[in-house]
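Each residue takes its place number in the sequence, starting with 1. Everything numeric here is computed off the predicted structure, so don't read it as measured data.
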Amino acid sequence: MGSELQRRVAELVTAGKRRETESPVEWAVEVGKWVEAAPSIELGEVLVSQLCFQHNRPSLWKFLDIALSSGLLSPLHILSMLSSRVIPHRWSQPEAYRLYLELLRRYAFSCGPLSGDVSKEKITESIDVALELSQTYKVHVVELGHALVLFFFSVINSLIDSTLDDWGFKMTSRKRPRTDFGGADYRNMEIDSRESQNLKVEEHRERIRKMNSFLAIEVLAKLTESRKALVLLRLVHLNMPEIFNGLLQRLRFLEGRHRASSDFRSAVEPLARLSANIQRVSGFKYQLNKHQLIGVLLDNGSQKPVFHCNSGFGHPTCWVRFDIYMENAMDGKQLSIKSVIDILAEGITTLQVFNQASWQETFLALWLSALRLVQRERDPVEGPVPHLESRLCILLSIVPLAIANILKDETKMNSSSIQGDTVSGNTENGYGHKMGGKANTSKKQGLISSLQALGNFSGLLCPPSSVVDSANIAATKSAHFVRNSKNEKDTTGGSGGDVCIKAGGDMRHLIVEACIARNLIDTSAYFWPGYVSASTMSPSNTTPIQKSPWSTFMEGESLRDSLINSLITTPASSLEEIEKLYHIALNGSDEEKSAAAKILCGASLRSGWNIQEHVVRFVVKLLSPPVPPNHTGPRSHLIDYMSMLSALLFGASYIDTVHILSLHGKVPEVAASLIPLCEVFGSRKSSMGDESSIYMVFSLAFLFLFRLWKFYRPPLEQYITDRGGPVGGVLTLEYLLLLRNGHIAPARNETNGSGDQLESSSVEAMYIDSYPKLQAWYRQHKSCTASTLSSLSSGNPVHEVANKILSMIYWKITRSGAPSSNSSGPSSASISGSPADTRKDACQRPVLTAWEVLEAIPFVLEAMLTACTHGRLSSRDLITGLRDLVEFLPASLAAIISYFSAEVTHGIWKPVPMNGIDWPSPAAVLQSVESEIKEILDAVGVNVPSCLSTATLPLPLAALVSLTITFKLEKSVEYIYAVAGLALDSCPSGCDWPSMPIVGCLWAQKVRRWHNFIVIATSRAIFRQNKDALAQLLRSCFSSFLGTLHVSTSSLSSQSGVNGLLGFTVTDINARPFVAPGFLYLCSCRTIHVVQHVSDVIVGIVAEYAVKLATRCASTDSPRLNSSQVSQSLSIVKIKEVASLGASLLCVAGGVQLVQELYRETIPNWLLSSKEERLGEVNAVSCVMEGYAMAYLVILSGSIEWGIGDNLPSWAHSRRARVVGIHMDFLAASLEGNISLGCYPATWKAYVSCLVGLMVKFAPMWIREVKVETLRKLASGLRGWHESELAISLLERGGASAIGSAAELVVNVLD
C-alpha cells in the first residue's frame, strides 16, 4: 500500500503542476479515497517527502493545511517530520521555513483524532524516530502525550538555537546543551540545484530569511502564552529539571546578546514575552474553581499568626505540633532512639510548608513552644522523671542544632545551584513552597527576625530560679561587649574604665548565646534595640568578676578536691576544655581518670548548653576507651579503665543525664558501648579486694543497658502490634544494634578536628552473636518471657549456682535473726532437690561471675516464691532475701524485674492480701489517693466508676513493690530507683484487675514528697484498658485546646489553646494535684493496650467538630461578619486546627504504625460506614467540611511521620510508598465503582478532591511513588467531577512515567 500510495500522490502532484487551476480541496477529496483510515501515517510520510523539497510549491502546502484541518493527517506527526527536515534547511528553503512556522502556529497543540491504540503507537514511534527523542532525552517514549511534550520542548529549543545561529550568536559547548536539530549553521549550504538564479529573487529570499528569524520568536511567544504550553513546559520543569534549565540558559544568552545590538530592536517585544512566558512556568499554579467550596478549601491559606505579648496567650494553634512533640519528648519512659534534632528539623520544615508561613513565623513559633516547655517546669512535681535540665536541653541545645540543620540544607541548595549554573525557581518538592512573596527571604534572616521578636514575650522569658545566674552572665557578657565596642570607637578619650555593667538577664540572652556558639548568628545581635540593658555605677559598687575554675584548669592546675568540685558544678565554656579533660580521662592516673569522668558528667553535660553536643560525644566515646599503647596480655584493656568507667557510668546514670543523651540520639551508640563492658566485667571472677568494683562497674553498665532497652516491659505490652511491628515495645537488642551499625558508614566519612586519638575505638559493625554471655542471658530472658520457668528447667550446672546463692541468702537471713515460724528455710526448696548445708558457706560469699549470678536468678526467684507460697518462707524473709541479693549484685535487680514482670503477665501466682500483716498495707492513704485520682479525672472530663475492690496483688508484684520500698532514696542510688520506678509503672499493666493504685499508695507512704507525682502517675492507669475513659480524655483534649466553637472570632481565650491543652505548669500549684488533659494524655497514650482505638476516636471527633463548625458557619448571623466568606474562612481555619490537633495526638500515641493503620483501615472503614450512623445535622456544606477535615488529618499525619521530601532511608521510603499506594488504590477502586461506600456522596467527593489537592500542594513527592495506573484512574474520576485542573495537577507530579497521561489530558481539557 505504501509504494502504491506514493506513486499515486506523485502522479497527483505532477499532474497538479501541469494543471495550475486545480484546487487543493479537490486533491484532498481524491486522496481521502485512497487511505484506509484517517489520520494516515503513510500519507503523511509521502507528502512530507514530496514537500522536502522535490515539489516545494504553495499549492502543496495548501493541500497539507487542508489535510491537517480535515483530520486526514495527524498534525503532531506532520509537524515532527517537518521540524526535522525544514529547520536544518531554513537557509536554503526560507519559503518552506516560513510556511512551516505558520503551520506550527496553527497546529502545535493538536494531536488530531486517532482511530485506536495502533495509530497512537505508530505515530508515537514515527515522532520518536523523526526527532530522535529517546536518544536525546534518554527516555523511552511509548505514549503519544509523552511524545507531544518532548516534541513541543524540542521545537522551542531548536527554534531558539536556529535564531541564535541566524543572528550570528555562538554559545560555547558548555553553555549550549545538545539539541536534536536546528543547531548547526547552514549558511554555507546555499548551493542549490538551480544555479542560474535571478538576483531579485535572491534578494527577496534574503528578506524572507531575516523576517523568518523574527517570526520564529514571534511564533514562540504566541505559542507559549497558552495554558497548554505552560502545562507542557511545566511537565518538563518538574520531571526533567536539568533539561529545562538548558532552555533557561538559552534564553539568558539570547536576551543578553540581542540587547547589545541595535539591529534586533523589533525582536525586543516578542523576546520579552517569550522570556516572561517561560519564567511563568516555574511559578505557575492551577486556579481551582473558586465558585465551588472545594476550590475555596484548597486555596484557603493558613491564618496568619498574631503573636500576643506578655504571657504568651493566643499562641497560633497551627503550631501545636511543636508543643505536643516537645512535651512528649520529656516522657522518661520513652527514650528516643533517633536524634530529636533530626526529628525536629524535619518537623519544622513540614509545618512551615503546611502553614504556608515565613521562616520568621516558623522559628518564632518554635522558640515560643520551647520556652513554654521550660515554663511548665517552674513548679515541678518531685519524682523520678526528667526535670528542668532536660527541658533546657531542648530549648538551648536541641532547637538551635535543629535550626542549624535547616540552615545547612539551605547552604547546600544555594551552593549546588551556583555550581549547576541554574536559574533558581520554586521547585515543588514540598520544601520550596512559596507564600506571599516571602520565598526570597533567607532562613537565616528569618531566624534573626524571630529572635528579635522574642523580646515581645516577656512572660515567657523570665528564667527559672536555677537559671537566673546563667542568664545574668549571658546578659553581662553582651553588655561588656557593647561597652568595649563603644569605647574603641570613642575618640574623646573619655573614662570608659569607670563604667560597670549591671545587666538583668532573661531566657532570650541564653537563646542568643546558644545560637552564637553554633554560628547561627554573630555578635551583632548584642546591638539589637533593647537587647542590652546597661546602667552605670561607681567602681566602688562593682563586684569583682570571679575567675572561672576552668581557666585555672587550663593553666595547668592539677585536679584536686576543691578544683574538682568547682569543675563539676561549673559548665565548661569551650571545646578545648572538654578535649583536655577527655585526654586526662584516658591517660591520667587512676585518680585523675576518675575525677575527669566525674567532671565530664557534671554541669558541663547537664547545663553546658552551648557545647552540649560535644560533651555528649566525648562521654559516649569514653564508654569505649581505646586500647592503651602499652597494653599487653589476654586481659581486656577495659579493666585498666575500671576507675574511670565506674565514675563515668555513675555520673551518666542520672535520670536527666540519660534523657539528655537520648535527646541527642545517642541511645544506639551508648548501648553499643555498654555491651562490651557488660561482657567483660560480667565474665570476670572477682578476686579479694576488687569484688565490689567489678560487680559495681558491671551493675552500672547492665542497669544502664536495661533502662535503654526496657527489658522489664511485660509481654502483653511487647505484643501490642500493628502489622508493621510492636507499637509499645519496638526496642530489641538486635534492632538497636542495627541502628548503631547504620551510623557507622557516615561516621567514617566525617573528619574529626581533634585528631585521630579522639576517634572511636571501634567503628566495626556489632552483632549480639559476638558477645556469648550477654546473648545467653538475652535468650534466657526471652524464654522466661514466653513461658514459665518450670517448663525450661533441665538440670544444668546453673542449678548449682542457684543453690549457692540460696545458701548465701538463707545464711544472711538466719544471721540477722531466727527464721520466721512459717519458714523451714530455702534449702528445702533447693532446685537440685537435695538439702544444702548452708553452714559450710556461712562465712563467705560465693565466688561467681556476674553472668553466672544473673543466669541463676530466675531459678532462685522461683524457689523463693514457691517456698513463700507454701508457707516455708515468710514474706518478710522473702523481701530480706531479695534485698540481700540486690546488695550482693545490684545488677540482679534487672533480672528480678524481668522475671517478676513476666510472671505477673503469666498469671499463675495467686494474689496476696496487702493487709499490713504479711505484706505492707496501703490502707492509710488508699482512700485519699483514690479521692485525688477521681478529682484529677473529673477535672479533665473523665467519669469512670472506681474498680478497686480489695487490696490484693499477685505474689510477684507484691514482692517487687515490697522490695523497692526498702531502697534508700538518695542521689547515690538513683541508678537503682530509676530502674525500679520505670518497672513499677509498667509491671501492674499485666494484672487482670486495677493494681496501680495499690502500688502507688505503698510508694506514697514511703516517699511523701513524691505524693503528687505518684497520684498523677496512678491516675494514668485507667486509660490502659478502659476505652470509654480514653475517649472522654481525648474529647477533653479537643475542647480544652479549641475552646468555644463560635466562628465569629478567630482569637482564643486564655483557657484554650496550648495552655489549655498542656497547662501553664506540669501541675497546679495548689496542694491537690491537677494536670491538664493534654498532659495526662501524653503520659498515658504510649501504654494503651489497644492503641488502634485512639485512631478511631480521633477520626470520629475530628469529623464531629467539622460538621458542627460547618453548621454554625451556615447558620451564623453575627453582626461582626461582613460576609459569608469571612465566616467560611474562619471555619476553615478552625477545622485545620481540629485536624492538626488530631494528627498530633494520633502520632504521639502510635507513631508510624498507627498512621499506617489510619491509611489502611481507619479511614477506609470510615468511608464505608453507613451514613445513618453519623449523628448531627447534615447539609451539603457540613459534608464537604467533614471530607476536608479528614483529608487534612490524613495528609498531616503522614507528613509528620514520613516527611514530605525524598531524603528518607530506602526502607522508610518504600514503606511510605507502599502505605500511600494502598490508600490511593482504594480511592481509585471506589471511583471506578468497584467498592460501595456508605458515606454521603458530598463527603466522598470532598475527601478525595481535598486529599489530592493537599497532596499536590504540600507533599508532591508522594505522588511520584503512586502507580501511574492509579493516578490515571484518580484523574479520570476528578475529571468526571469537573475537577480537571486538579486532575492535571495530580498527573503532572506523577514523575516521568505520567508525563504522557498528563499531556493527553491537557490537550483534551484545556482551551
Mind checking whether [X] and [Y] have side chains closer than 4.5 Å, heavy atoms only?
| X | Y | result |
| --- | --- | --- |
| Asn328 | Gln334 | no |
| Arg321 | Leu1141 | no |
| Thr1243 | Val1184 | no |
| Tyr1192 | Ile1132 | no |
| Leu1030 | Lys1027 | no |
| Cys318 | Glu1137 | no |
| Ile1200 | Tyr325 | no |
| Tyr1105 | Ile1135 | no |

What distance separates [X] [atom1] from [Y] [atom2], expressed to the nearest 0.5 Å?
| X | Y | atom1 | atom2 | result |
| --- | --- | --- | --- | --- |
| Leu663 | Ile341 | CG | CD1 | 9.0 Å |
| Ile1016 | Ile933 | CD1 | CD1 | 10.5 Å |
| Glu327 | Arg372 | CD | CZ | 11.0 Å |
| Leu1286 | Met1255 | CG | CE | 11.0 Å |
| Leu1154 | Leu1145 | CG | CG | 11.0 Å |
| Leu1062 | Leu373 | CG | CG | 9.5 Å |

With [X] via side chain to side chain donor-acceptor pair (under 3.5 Å) - residues at least two apart:
| X | result |
| --- | --- |
| Asn943 | none |
| Ser1199 | none |
| Ser1019 | none |

If you take all heavy atoms of [X] and [Y], which pair is closest and at what distance?
| X | Y | answer |
| --- | --- | --- |
| Glu346 | Ile1204 | OE2-N, 3.7 Å |
| Ala1076 | Leu1061 | CB-O, 3.3 Å |
| Cys1239 | Trp1244 | SG-CB, 3.7 Å |
| Ser662 | Leu335 | OG-CD2, 3.7 Å |
| Leu1291 | Ala1298 | O-CB, 3.5 Å |
| Trp1262 | Val1220 | CE3-CG2, 4.0 Å |

For Ser1289 and Arg1293, test the side chains for any donor-to-acceptor distance below 3.5 angstrom and give the result as yes or no.
yes

Could I get the full list of salt bridge (charged side-chain N to carboxylate O under 4.0 Å, His left out) partners for [X], not counting sequence neighbours?
| X | answer |
| --- | --- |
| Arg1272 | Glu143, Glu1269 |
| Glu1104 | Arg1035, Lys1108 |
| Asp1225 | Lys1267 |
| Asp342 | none |

[X] (side chain) donor-acceptor with [Y] (main chain) under 3.5 angstrom:
| X | Y | result |
| --- | --- | --- |
| Arg376 | Asn1059 | no |
| Ser1036 | Gln1032 | yes |
| Ser1214 | Trp1211 | yes |
| Asn355 | Ala357 | no |
| Asn1165 | Glu1161 | yes |
| Ser1040 | Cys1037 | yes |

Pick out which of Leu1034, Thr1087, Leu937 makes a side-chain contact (heavy atoms from CB on, under 4.5 Å) with Phe1023.
Leu937

Is there a side chain to side chain contact (heavy atoms under 4.5 Å, CB included) between Trp1281 and Ser1249? Walk through the geometry before answering.
CA-CA 9 Å; Trp1281 288 338; Ser1249 301; 3.8 Å; yes

Once side chain to side chain contact (heavy atoms under 4.5 Å, CB included) is applied, do any residues pair with [X], and if so which ones, sequence neighbours excluded?
| X | result |
| --- | --- |
| Ala1103 | Trp1166, Glu1186, Met1190 |
| Leu738 | none |
| Ala1217 | Glu1265 |

Would you please name every residue forming a ring pair (Phe, Tyr, Trp, His ring centres under 6.0 Å) with Phe322, sequence neighbours left out?
Trp319

Can you name the residues that form a ring pair (Phe, Tyr, Trp, His ring centres under 6.0 Å) with Tyr1159, not counting sequence neighbours?
Trp1202, His1223

Would Val1091 and Gln1153 count as a side chain to side chain contact (heavy atoms under 4.5 Å, CB included) if you check the C-alpha gap in whole Å, the side-chain angles of each, and the deciding distance to 0.1 Å?
CA-CA 10 Å; Val1091 72; Gln1153 283 81 18; over 6 Å; no

Side chain to side chain contact (heavy atoms under 4.5 Å, CB included) between Thr350 and Phe1258, intermediate numbers included
CA-CA 8 Å; Thr350 298; Phe1258 298 136; over 6 Å; no

If the threshold is 4.0 Å, N to carboxylate O, is there a salt bridge linking Arg1020 and Asp985?
yes

